[in-house]
Amino acid sequence: QSVLTQPPSVSAAPGQTITISCSGGSSNIEKNYVSWYQHVPGTAPKLVIYDTFRRRSGIPDRFSGSKSGTSATLGISGLQPGDEATYYCGTRDSSLRVWLFGGGTKVTVL
Amino acid sequence: QVHLAESGGDVVRVGESLRLSCTLSGFDVDDYALFWVRQAPGKGLEWVASVSYDGRDKDYAASVKGRFTISRDYSKNTLYLQLSSLRPDDTAMYHCARTADTPFDVWGQGTMVNV
């Protein structure tokens, strides 16, 4: 069981907007930057959002990141079939001195 | 072009050892901390181990501490993970990744270990 909690799946039709939550604690999400990674099985995971809200170069502005207290959120607007993947949040835990990832959220475009 | 390529994955028996390699190219490896992250079948990502840019600091997940050893060879631009006393729950795809100011900004495709 991951320390960072994500919903297992989210689905929506093309063009719609989805949000993916990542719930953690005071020693990880609340204290540190959060990143989001996109992963399609069999390929290398890809960084999408870093420093909680910054988009990696080449990532469209349909992707957004935010944080409030011990929770972070990834938003994807104008959903496209190419967005289908599993998305993971990640951060450092200052107390445990470890890197943490969420359990992953599978995004399905209907 | 920045590229990380893992190799060394195999099918092994419980208790055996294995060494994974990650070949690094297209960037100055001296500037980056390096990581191993694994994904067990049907599970999420799990940080395994990390080594600082200068090789002095090494950290391990509790699940592998004392059994796995991370190292880097600057002359060969290669990251290693020595896996010992392997258990069935070590079965996973093992990815290497780099971090400087931006965490885990580039990953490799992974190499599969089956115990």
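Since we're looking at a predicted model, the values are computed, not measured.
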Novice: Apply ring-ring contact (aromatic ring centres under 6.0 Å, His included) to residues B:Trp47 and A:Phe101 and explain how you reach the verdict.
Specialist: CA-CA 7 Å; B:Trp47 166 74; A:Phe101 293 97; 9.0 Å; no
Novice: Does anything in residues 1-17 of chain B reach chain A? List residues with heavy atoms under 4.5 Å apart, or say none.
Specialist: none
Novice: Do A:Leu100 and B:Tyr94 land in one hydrophobic cluster if side-chain heavy atoms of ILVMFWY residues count as linked below 4.5 Å?
Specialist: no
Novice: Assigning hydrophobic clusters by single linkage (Ile, Leu, Val, Met, Phe, Trp, Tyr; side-chain heavy-atom cutoff under 4.5 Å), is B:Phe68 placed with B:Tyr80?
Specialist: no
Novice: Is any residue of residues 54-90 of chain A within less than 4.5 Å of chain B by heavy atoms, and which ones?
Specialist: A:Arg56, A:Tyr88
Novice: Just wondering, are more than 12 heavy atoms of other shown residues or ligands nearer than 6.0 Å to CZ in B:Phe27?
Specialist: yes
Novice: Could you check whether atom NZ of B:Lys76 has more than 12 heavy atoms from other residues, nucleotides or ligands sitting under 6.0 Å from it?
Specialist: no
Novice: Applying a criterion of heavy atom separation less than 4.5 Å, what residues of residues 20-46 of chain A form contacts with chain B?
Specialist: A:Ser35, A:Tyr37, A:His39, A:Gly42, A:Thr43, A:Ala44, A:Pro45
Novice: Between atom CG of A:Leu47 and atom OG1 of B:Thr99, what is the distance when rounded to the nearest 0.5 Å?
Specialist: 9.0 Å
Novice: Spell out, yes or no, whether B:Tyr53 and B:Ile70 are grouped together once hydrophobic residues are joined by side-chain heavy atoms under 4.5 Å, including indirect joins.
Specialist: no
Novice: Quick one: pull up CZ in A:Arg92 and OG in B:Ser50 and give me the separation to the nearest 0.5 Å.
Specialist: 6.5 Å
Novice: Does a side-chain heavy-atom distance below 4.5 Å link B:Tyr60 with A:Val98?
Specialist: no
Novice: Give the cluster check for B:Phe35 versus B:Tyr74: same hydrophobic cluster or not, with ILVMFWY residues linked at side-chain heavy-atom distances below 4.5 Å.
Specialist: no
Novice: Taking non-hydrogen atoms and a cut-off under 4.5 angstrom, which of residues 101-115 of chain B neighbour chain A?
Specialist: B:Thr102, B:Pro103, B:Phe104, B:Asp105, B:Val106, B:Trp107, B:Gly108, B:Gln109
Novice: Is there a path of hydrophobic side-chain contacts, each under 4.5 Å between heavy atoms of I, L, V, M, F, W or Y residues, that connects B:Met93 with B:Leu18?
Specialist: no
